[in-house]
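Working notes, structure below.
Fair warning: this is a prediction, and the values are worked out from it, not measured in the lab. For the single chain, residues carry numbers from 1 onward in sequence order. Atoms within a ligand are numbered from 1 in the order they appear, just like the ligands themselves.
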Amino acid sequence: MNPEEKEKYEKAIEISKKIFSEVESKIKEGVKLLELAEFIENRIIELGAEIAFPVNLSINEIAAHYTPDKNDKTELKEGDLIKVDVGIHVDGYIADRARTFIVGEKSHELIRASEEALKEALKIIKPGNRVYQVAEVIEEVAKSYGFNPVRNLSGHGLGRYKIHTEPTILNGRNNIQQEFKEGQAIAMEVFMTNGLGWVKESLPILIYELENPNIPVRFRDSRLLLNHIVENYKTLPFAKRWISILSPTRLDFALSELVNLGILKEHPILKEKSNGWVAQTEETILL
Ligand code: MN
Ligand code: MN
């Protein structure tokens with residue numbers, strides 16, 4: 001990693017921290033998820049960065065990939081466990097950060113457990129250490145609280161305009177011998193649950209990502225949408241909410257055509273299989 005790259009990562013990380021310092025006071029009963037998402041996404045731009053992926057605001061048993069749609073009426077309720085996951089980039093260099101809050105209360109055991117496990121995990125993520133070692137400390141902290149890590153979710157490397165690169169750092173015990181290397185940018189995230197510890201894909205789908213732009217498209221709306229995506233989001237995930245160049249019905253049709261052709265990838269919401277609640281804590285670090 002050269003000094004300019006490092007500087008851009010550091011700027012993105014700094015802005016993501018600043019945003020979280022402003023988010024805490026917004027987590028209140030009656031606040032709409034849509035307001036919260038728009039506040040955060042606007043702040044990213046105002047602070048001089050760009051949005052790397054739609055703000056994920058996932059409540060209780062939803063672990064990830066919920067972002068409000070245009071007409072979303074969901075409001076925060078007393079006692080909700082809400083994960084706020086924010087992606088920011090500066091010239092393609094990404095900071096990926098998440099915290100969990102509980103509405104109307106100071107903290108929650110799941111939040112404490114996920115924060116403690118992340119702290120321990122970050123001590124292990126150093127050049128020369130290996131991927132499997134991270135899950136061991138996460139499992140240990142989870143067990144001490146009587147919880148489970150979510151075993152099919154993971155931290156990950158970051159690349160320029162790429163949110164998920166090698167290494168994949170699973171939360172659940174594994175045997176991956178891959179070594180961490182100097183110069184890597186790593187987004188480490190811990191998911192802790194009072195359920196069994198697995199997520200499954202569920203509806204709705206609110207986030208999409210360009211996977212293969214070079215497949216021919218027949219319908220005019222789909223071509224229009226594809227050009228719009230390539231120009232505005234490149235290879236970064238985007239929210240259905242952001243797109244206003246087509247009416248809702250035509251947008252749904254064009255999105256499903258692009259998915260069926262293999263051009264777009266869907267990111268369905270992820271729910272804990274046994275309906276356990278999930279807390280997430282994530283930070284981006286440079287090795
Ligand atoms: Mn994240
Ligand atoms: Mn991440």
Side-chain angles (χ1 to χ4, degrees), residues 9 12-21 23-24 27 33 36-37 40-41 43-44 49-59 62-68 81-90 92-101 110-111 114-115 117-119 121-122 124-125 131 134-135 138 149-172 176 178 180 184-193 199 201 206-209 233 235-239 265 267-272 278-287:
Y9 271 121
I13 292 169
E14 195 184 306
I15 292 172
S16 74
K17 286 183 180 168
K18 165 96 175 108
I19 284 170
F20 274 91
S21 72
V23 161
E24 191 159 10
I27 307 288
L33 292 190
L36 192 56
I40 293 169
E41 290 173 358
R43 287 300 283 150
I44 295 172
E50 289 177 81
I51 301 168
F53 57 78
V55 173
N56 284 210
L57 299 171
S58 309
I59 294 176
I62 302 175
H65 296 173
Y66 189 95
T67 197
L81 193 68
I82 178 170
K83 284 127 294 211
V84 179
D85 191 341
V86 177
I88 281 171
H89 76 89
V90 173
Y93 298 96
I94 299 165
D96 185 359
R97 187 177 183 84
R99 286 290 181 276
T100 302
F101 304 93
L110 276 169
I111 300 176
S114 74
E115 288 178 352
L118 179 70
K119 206 171 126 199
L122 291 177
I124 302 292
I125 301 178
V131 166
V134 178
I138 295 173
V150 178
R151 295 185 177 85
N152 53 342
L153 288 176
S154 49
H156 48 94
L158 295 164
R160 190 171 183 208
Y161 288 108
K162 285 193 195 118
I163 292 173
H164 292 102
T165 64
E166 286 296 305
T168 295
I169 310 160
L170 282 165
N171 274 208
I176 302 168
Q178 205 171 3
F180 294 106
Q184 284 178 322
I186 303 276
M188 185 56 212
E189 52 197 304
V190 170
F191 289 86
M192 204 58 88
T193 180
V199 287
E201 294 187 339
L206 300 156
I207 300 173
Y208 296 82
E209 184 179 338
Y233 314 126
T235 48
L236 294 172
F238 60 91
K265 185 178 160 190
H267 288 291
I269 65 166
L270 299 173
K271 267 191 188 168
E272 211 284 328
V278 179
Q280 175 199 18
T281 310
E282 178 174 26
E283 266 182 52
T284 293
I285 56 165
L286 307 176
L287 303 191

Closest to the Mn ion (ligand 1), among the N/O/S atoms of D96, is atom OD1
Which of Y9, Y161, F53 passes ring pair (Phe, Tyr, Trp, His ring centres under 6.0 Å) with H89? Answer is Y161
State whether the number of non-hydrogen atoms from other residues, nucleotides or ligands found under 6.0 Å of E209 atom CD is greater than 12.
-> yes
Member of T100, D85, N56 meeting the side-chain hydrogen bond (donor to acceptor under 3.5 Å, both in side chains) criterion with Q280 = D85
Identity of the N, O or S atom of H156 lying closest to the Mn ion (ligand 2) = NE2
Output yes when a side-chain donor or acceptor of T67 lies under 3.5 Å from a complementary backbone atom of V55, and no otherwise.
-> yes
Does H164 bring an N, O or S atom to under 2.8 Å of the Mn ion (ligand 2)?
-> no
Would you give the angle at the Mn ion (ligand 2) between E189 atom OE2 and E282 atom OE2, to the nearest 10°?
-> 80°
